[in-house]
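Below: one structure, written as structure tokens.
In what follows, chains carry the letters A, B, and so on, assigned in the order in which the sequence lines appear, proteins first and then strands, with residues in each chain numbered from 1.
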Amino acid sequence: MIPLHILRENPESVVSGLAIKNFDAKDLIARIILLDDKRKSTQNQMDDGLAEANRLAKEIGHLFKNGETELANQKKERTATLKEETNQLSVSLQQIENELNEAIVILPNLPHSSVPPGRLPTDNEIIYSEGELPALPENSIPHWELATKYNIISFELGSKVTGAGFPFYIGKGAKLQRALINFFLEEAISAGYTEYQPPLMVNEASGFGTGQLPDKEGQMYHATADNLYLIPTAEVPITNLYRNTIQKHTDLPIKNVAYSSCFRREAGSYGKDVRGLNRLHQFDKVEIVQVQPPQDSYTALEEMKNHVAGILRKLNLPFRILRLCGGDMSFASALTYDFEVYSAAQDKWLEVSSVSNFESFQANRMKLRYKDENGKTSLAHTLNGSALALPRIVAALLENNQSPEGIHIPAALSAFTGFDIIS
RNA sequence: GGAGAGAUGGCAGAGUGGUCGAUUGCGGCGGUCUUGAAAACCGUUGACCUUCACGGGUCCGGGGGUUCGAAUCCCUCUCUCUCCGCCA
């Protein structure tokens with residue numbers, strides 16, 4: 001949610017900012033300002049009425065106490081009409097506020113000044129790349145075939161028991177999952193993050209707080225009997241920990257890490273993008289989340305970017321970092337870096353991490369504030385990033401490290417798996 | 001799932017229809033005293049909307065109702081605790 005005062009003070013720059021995200025905000029902002037004017041004048045009227053009613057109620061109390069019943073009853077008549085008026089005003093105020101809120105909530109976040117314009121993934125800016133693209137042996141195969149060959153992942157059994165996109169991991173495949181989770185968690189913990197193990201379901205208010213609702217309603221699994229949503233990422237519970245709070249400046253920065261399963265309906269996905277581990281309905285991810293005072297949030301974003309790069313380096317995976325263009329960024333983000341690793345057998349780059357600064361967008365939705373050194377209360381900034389999502393890392397590890405003897409496990413991981421080859 | 005009790009400011013905890021946004025204690029902040037600190041004493045200390053300001057309004061778990069007037073009475077939802085049942 002973009003703070004209202006920004007829309008009021010500088011509507012033109014909001015319009016041009018959102019144009020970078022290919023969002024035409026002109027009419028909507030005009031409407032929001034109009035509604036806000038209406039809100040103010042209605043509230044002023046109502047407040048005047050309430051002020052008079054409060055005064056009268058006190059007077060009536062005194063009159064009754066002094067036995068001046070007749071005069072008191074006279075005054076009561078006035079309160080009746082006042083009540084009628086203020087009730088009506090409060091109903092229309094409620095309506096106006098709802099309309100205003102519905103309008104303001106559909107505005108995406110403003111992009112950072114460094115965000116390039118564009119609509120397509122090809123408009124993203126490659127800002128860094130590292131590592132040699134592996135030269136694979138002649139008869140190398142994609143990960144979904146390796147999975148069957150070594151019996152470490154079964155997509156068929158997953159389809160049978162649940163449905164497409166819910167694989168089983170078996171034997172060394174399962175252990176590889178556990179090892180990656182532990183490796184990622186330990187990396188984050190030694191970088192100063194506190195580990196949380198979150199609930200896998202959240203309520204509606206939490207879905208709204210991080211921006212999944214109402215924007216991505218159809219992308220989450222919804223347990224309707226209890227009105228709970230399966231989390232699409234640990235970002236949702238971990239950021240909502242701070243919904244409706246005022247942090248002391250001495251409590252910032254907050255740096256949390258959480259492992260969780262993630263659930264995504266992925267409605268509308270199809271074709272070879274969903275082959276094997278490329279796109280799943282349930283997958284595992286280690287997520288890092290930070291809450292920062294505004295002046296430090298971009299330094300924190302760089303730090304998170306370096307953290308993710310460090311992990312990929314230890315896994316020996318060739319990767320590149322993209323600065324997402326306006327059209328490819330998420331609704332809530334101000335600046336997003338995507339990490340892609342090279343999958344040799346598929347000959348393509350796979351997105352394995354997305355690191356974003358949301359500035360005050362999520363904080364404003366969930367009323368996450370902090371008190372600075374001078375006691376002034378203002379919105380904090382929130383950030384998060386995957387560090388990392390497992391499936392495509394597994395895909396790249398399997399494909400890039402295949403050999404006639406089997407699949408070699410990078411040294412940094414074999415400490416966690418207890419084996420260094422899958423054969 | 002059944003029965004009962006409860007939810008008040010950062011925390012603890014008063015307040016059961018009328019100057020209550022709320023007594024008090026702790027904590028926080030500022031000051032006096034001190035070389036400094038502690039103690040003691042004095043002062044100060046919630047959020048939100050609105051206003052240039054003075055001021056006005058809203059908030060005692062959420063929502064609704066009764067009343068001229070609600071933290072206080074009624075309904076409802078959520079959550080917490082105790083007991084019973086079931087259970088990893």
Quiz: residues 148-162 of chain A side-chain donor-acceptor pairs under 3.5 angstrom, not counting sequence neighbours:
residue	atom	partner	partner atom	Å
A:Thr148	OG1	A:Trp144	O	3.2
A:Ser154	OG	A:Leu157	N	3.0
A:Ser159	OG	A:Phe155	O	2.9

Worksheet item: Do any of residues 41-52 of chain A sit with a heavy atom less than 4.0 Å from RNA chain B, and if so which?
Response: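 Hits under 4.0 Å, by residue number: A:Gln43, A:Asn44, A:Asp47, A:Leu50, A:Ala51.
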Which nucleotide, if any, forms a Watson-Crick or G-U wobble pair with [N], using both distances under 3.5 Å?
N	result
B:U23	none
B:A7	B:U78
B:C73	B:G65
B:U58	B:A47

Sequence neighbours excluded and cut-off under 3.5 Å, please list the side-chain donor-acceptor pairs for residues 408-423 of chain A, or say none.
residue	atom	partner	partner atom	Å
A:His408	NE2	A:Ser403	OG	3.2
A:His408	NE2	A:Glu405	OE1	3.4
A:Ser414	OG	A:Ala411	O	3.1
A:Thr417	OG1	A:Ser414	O	3.4
A:Thr417	OG1	A:Phe419	N	3.2
A:Thr417	OG1	A:Phe419	O	2.7

Worksheet item: Would you call A:Lys314-A:Glu187 a salt bridge at under 4.0 Å N-O?
Response: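 Salt bridge: yes.
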Taking [atom1] from [X] and [atom2] from [N], how many angstroms apart are they, rounded to a whole number?
X	N	atom1	atom2	answer
A:Lys367	B:G46	NZ	P	21 Å
A:Phe208	B:G62	CZ	C1'	17 Å
A:His62	B:G18	NE2	C1'	8 Å
A:Arg369	B:G46	CZ	P	14 Å
A:Asn244	B:G46	CG	C1'	14 Å
A:Lys371	B:U45	NZ	P	12 Å
A:Leu100	B:U50	CG	P	10 Å

Item to complete: Mind checking the CD-CG spacing from A:Glu77 to A:Asn73? Nearest 0.5 Å is all I need.
Response: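 Here the interatomic distance stands at 8.0 Å.
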Worksheet item: Hey, is CD on A:Glu70 packed in by over 12 heavy atoms from elsewhere, all under 6.0 Å?
Response: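 Atom CD in A:Glu70 is not packed in, count stays at 12 or less.
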Fill in: Contact under 4.0 Å: A:Arg39 side-chain N or O vs B:U50 OP1/OP2
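A:Arg39 to B:U50 OP1/OP2: side-chain N or O found under 4.0 Å.
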Discussion item. Under 4.0 Å from OP1 or OP2 of B:U58: is there any side-chain N or O of A:Asn54 that close?
Written reply: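 True: A:Asn54 side-chain N/O within range (under 4.0 Å) of B:U58 OP1/OP2.
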Select base, sugar-phosphate, or nothing to describe what [X] touches, counting heavy atoms under 4.0 Å on all strands.
X	result
A:Arg78	nothing
A:Lys83	base
A:Lys76	base

Worksheet item: With no hydrogens and no angle check, is any side-chain donor or acceptor of A:Arg365 less than 3.5 Å from a backbone partner on A:Val105?
Response: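 Answer holds: yes.
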Worksheet entry | Inter-nucleotide C1' distance (B:C83, B:A47), Å rounded |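 Nearest-Å result for B:C83 against B:A47 at atom C1': 38 Å.
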Item to complete: Would you mind telling me which of A:Arg323, A:Glu125, A:Met304 makes a side chain to side chain contact (heavy atoms under 4.5 Å, CB included) with A:Tyr337?
Response: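 The single option meeting the side chain to side chain contact (heavy atoms under 4.5 Å, CB included) with A:Tyr337 is A:Arg323.
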Practice prompt. Give the nucleotide from the list B:U50, B:A47, B:G69 with an atom nearest to the side chain of A:Ile246.
Written response: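 The nucleotide sitting nearest to the side chain is B:A47.
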